[in-house]
There are 2 protein chains.
Amino acid sequence: MTTRWLSPDEQRAWRAYIAASLLLEDAIDRQLQQDAGMPHLYYSILSVLSESPERRLRMTDLAERLKITRSRLTYAVTRLEKDGMLRREACRYDKRGSIAALTDEGFAVLERAAPGHVETVRGFLFDRLSEEQVGQLEEISAAIAQGLQEDGTRPAADDVPWRRRSSSSCS
Amino acid sequence: MTTRWLSPDEQRAWRAYIAASLLLEDAIDRQLQQDAGMPHLYYSILSVLSESPERRLRMTDLAERLKITRSRLTYAVTRLEKDGMLRREACRYDKRGSIAALTDEGFAVLERAAPGHVETVRGFLFDRLSEEQVGQLEEISAAIAQGLQEDGTRPAADDVPWRRRSSSSCS
DNA sequence: AGGCCTTGGTTCAAGTTTGAAACAAAACTA
DNA sequence: TAGTTTTGTTTCAAACTTGAACCAAGGCCT
């Protein structure tokens, strides 16, 4: 089959999107690196933990929410643990499991960094978009994410009638 | 001043966006790594070069178009040169300058990889969006990028009445 | 010409990401 | 229950990114 190339509109959208996402991630990484001494992903880890029940989550669940590989998470958590931002705990119900628990210090760091981070996100993103566009951005993002999450390299989709396990809290 | 936190709508949009951009870049990187043996950025370098006059561009111009640091580009170009995808040439008019020139082999690799790449972008992005949304995505991205490009850490903005130099072709 | 600031690129070390492999503990299955 | 497969996590080496430092060379003064 001959390739369906991108239309000029699609080309422009694609390039604009690539540029914007690169620039935005860079700006946010730099801000957080400066003000909190950690890149965006690491901040997000603390943030997700802070909103979880008892401020703790199993590694796999954490990785799933952040859309990153377990291996990447392991590395990040090791660093954050070294820095005292969180602690690893064993899972009582599943001896394989390991739980990342936010420490008080981690929470404090998060609280101190949050205002600056929000300012940045606002300044570079939301202040530049209309309310309408915010809605559009969410819908577009959701559509993209959905397509990419239908279980990664799935087995044809009609092969798995039930939905994936929701979570495995533990603790 | 007390922080203006994100509204629920903004929160959702932000999280959806982060997830989508992570997932999308990952998917594209994986596809290109598989089919062309290089990550997305490296492919983009070849792609930009292929569309430039004489298929060559100065390092700084290349970095500017791709929105990456010169140092990152240096590393990437070194790898691509080692792989024979491009060649570095001296700049005749500016002895500091160095020009990246796509080789025939690089062009060939690009041509072979392009269809698969476009399929992927289409499958994960454009096939999931309405025509309208494509337009919205472009506008949103452009707005974001614009805000982030007003000359990085600029000197107060009212300090530089003229616009930055456009380019420095050479060769 | 002689200084001095800027620009174009690279280098280097430290930090991060990737993907495959290794392990150990569940969960099945025969 | 032993054997096999799956799941949860880490480990390791190779590749990549970051940011600061460095080295020319070009531009501007005076």
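Predicted, not measured: the structure shown is a model, and the values here were computed from it. A note on names: the letters A, B, ... follow the listed sequences, proteins ahead of strands, and every chain is numbered from 1.
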Side-chain N or O of [X] less than 4.0 angstrom from OP1 or OP2 on [N]?
X: A:T74; N: D:dT11; answer: no
X: B:R72; N: D:dT17; answer: yes
X: B:S71; N: D:dA20; answer: no
X: B:S98; N: C:dG8; answer: no
X: A:R79; N: C:dT16; answer: yes
X: B:Y75; N: D:dC16; answer: yes
X: A:R70; N: D:dT7; answer: no
X: B:R58; N: C:dG9; answer: yes

For atom CD of B:Q11, decide whether the heavy atoms of other residues, nucleotides or ligands shown that lie under 6.0 angstrom number more than 12. yes
Atom CD of A:E131 with >12 non-hydrogen neighbours under 6.0 angstrom: no
Taking for each residue the nucleotide of DNA chain D bearing the nearest heavy atom, is the 5' side occupied by B:L41 or by A:L73?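 The residue closer to the strand's 5' end, by nearest nucleotide, is A:L73.
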Toward the 5' end of DNA chain D, by each residue's nearest nucleotide, A:R88 or A:D29: A:R88
Is there a donor and acceptor pair closer than 3.5 Å between the side chain of B:R96 and the base of C:dT7? yes
State which of [options] makes the closest approach to the side chain of [X].
X: A:Y42; options: D:dG8, C:dT16, C:dT6; result: C:dT16
X: A:K95; options: C:dA26, D:dG26, C:dG19; result: C:dA26
X: A:M59; options: C:dG9, D:dT9, D:dT18; result: D:dT9

Under 3.5 Å side-chain donor-acceptor pair for B:T103 and B:R55: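 Side-chain D/A pair, B:T103 to B:R55: absent.
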Side-chain donor-acceptor pair present, A:R65, A:S44, cut-off under 3.5 Å: no
Just by distance, do the side chain of B:R56 and the backbone of B:E54 share a donor-acceptor pair under 3.5 Å? yes
